[in-house]
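Have a look at the structure below before the remarks.
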Protein chains: 2
Amino acid sequence: MPAVSDCIEMLDSETKAVETPEDHAEELRLWLRLLTCTTLIEGEVRGRLRQRFDVTLPRFDLMAQLDKAPDGMTLSDVSKRMMVSNGNVTGLVERLVESGHLDRRTSETDRRVQVIRLTKLGRAEFRRMAAEHETWIADLFADLTPKDVRELMRLLAKTKTSAQKSAGRRRP
Amino acid sequence: MPAVSDCIEMLDSETKAVETPEDHAEELRLWLRLLTCTTLIEGEVRGRLRQRFDVTLPRFDLMAQLDKAPDGMTLSDVSKRMMVSNGNVTGLVERLVESGHLDRRTSETDRRVQVIRLTKLGRAEFRRMAAEHETWIADLFADLTPKDVRELMRLLAKTKTSAQKSAGRRRP
DNA sequence: CCAAATTGTTTTAAGCCTAAAATGTTTCCC
DNA sequence: GGGAAACATTTTAGGCTTAAAACAATTTGG
């Protein structure tokens, strides 16, 4: 049975009749916990990539995107997929072309567009790193049962949809 | 009933007898989804903070830590809580002292230690921002039921513990 | 056709972030 | 007491990141 305060809150949010400042402490705590988990795991992966392969996480992420696209991607595609700014990708690509991991060429049909691909070296190095990376992730999530994983996937999918809708309401 | 492949995997991971390369695609997908959710929400919050209050997310986060500690915190404390490097905090604090939001003084009992606090201005501005921030978070998570929120909290707590253990195994 | 809007990328300016080395201070313990 | 270890912070060097402005090329609608 829900607490009295929960009932009041539910009435408020459904009827939209009252303007009492609602309590969203639970959502706030959820957000902080989500952020903590991500920061923790991300930091761990970053450190391991640096120690084992002397590569940064953003470079690894970019190569991961390209590994899934044998025909290459445009910078815009990469920017959208990685959810980072355009200018960010420009610099990242510059350094990876410099180190011989990426190949970049201007599209034949649209001279605005730059198409980038992994070089043979880039692909080989990425595959080597990705194999080990996968075991790190498995270890980081080792305490979760297969059921936990499924349930988290489901709830995070719902979270993603919710956040996208909210973001859409701001920028329609 | 679990699929055959699941049984084999379970046997492998329990007996540790076989060295076949296990499949951790599910964990990998979970990690990517977790990262997507965080990036999405973080970007949205960052943008709103900038538009509404002309403040960066790291500054807001630092002020949030200090708001919970009326007696102030040391830079190390802040660094641990925010899970960022020491040097990072130094610069962040510098700019917030400069803008009049923070007060910084050397500890009387230990001259290595710097104690920082919110100024009156800093606290007032933070409270104003935090109130609105809470509604953004509520909106971003609006599709989740109270039960979803509880369940996510539980699973993320488990995830955090798991990741901490894994990180501990690397750096004991 | 052609001006205006749109699209893809780069540049700019500022700030964030890390790892590692350096600096100053305190504690430990012989 | 005094040197070694530990601790708190800053500095350094390099890279990441963003938002906004600038530039270039294409598409669109009169």
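Within every chain, numbering begins at 1; the chains are lettered A, B, ... in the order of the sequence lines, protein sequences first and strands thereafter.
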* Give, ordered by number, those residues of residues 41-69 of chain B having at least one heavy-atom distance below 4.0 Å to an atom of DNA chain D; if nothing qualifies, reply none. => Arg50(B)
* Structure fact -> Residues pairing under ring-ring contact (aromatic ring centres under 6.0 Å, His included) where one sits in residues 101-122 of chain B, two or more places apart or in two chains, turn out to be none
* Could you encode protein contacts along nucleotides 3-12 of chain C as a string, one character per nucleotide from 5' to 3', using B for base contact, S for sugar-phosphate-only contact and - for no contact, with a heavy-atom cut-off of under 4.0 Å? => ----BSBBB-
Would you give me the side-chain donor-acceptor pairs under 3.5 Å for residues 83-97 of chain B, sequence neighbours excluded?
from: Ser85(B); atom 1: OG; to: Asn88(B); atom 2: N; distance (Å): 3.4
from: Asn86(B); atom 1: OD1; to: Ser79(B); atom 2: OG; distance (Å): 3.0

* Name all residues meeting the ring-ring contact (aromatic ring centres under 6.0 Å, His included) criterion together with Phe60(A); count only those two or more places apart in sequence or in a different chain, and write none if there are none. => Phe126(A), His133(A)
* **Nonpolar side-chain network containing Val113(A), other nodes, edges under 4.5 Å** => Val115(A)
* With sequence neighbours excluded, residues passing salt bridge (charged side-chain N to carboxylate O under 4.0 Å, His left out) with Arg112(A) -> Asp110(A)
* Structure fact -> Applied to residues 27-46 of chain B, the ring-ring contact (aromatic ring centres under 6.0 Å, His included) test, sequence neighbours excluded, yields none
* Path from Leu155(A) to Met153(B) over hydrophobic side-chain contacts below 4.5 Å -> yes
* Asked: Where does the chain B footprint on DNA chain D start and end, counting 5' to 3' with a 4.0 Å heavy-atom cut-off?
  -> dC7(D) to dA20(D)
* May I have all residue pairs that pass salt bridge (Lys or Arg N to Asp or Glu O under 4.0 Å) and include part of residues 50-65 of chain B, sequence neighbours excluded? => Arg52(B)-Glu132(B)
* Return the set of residues passing salt bridge (charged side-chain N to carboxylate O under 4.0 Å, His left out) with Lys160(B) (not counting sequence neighbours), or none when no residue passes. => none
* Pairs where residues 134-144 of chain B contributes a residue and the test side chain to side chain donor-acceptor pair (under 3.5 Å) is met, not counting sequence neighbours -> Lys165(A)-Asp143(B), Ser166(A)-Asp139(B), Arg169(A)-Asp139(B)
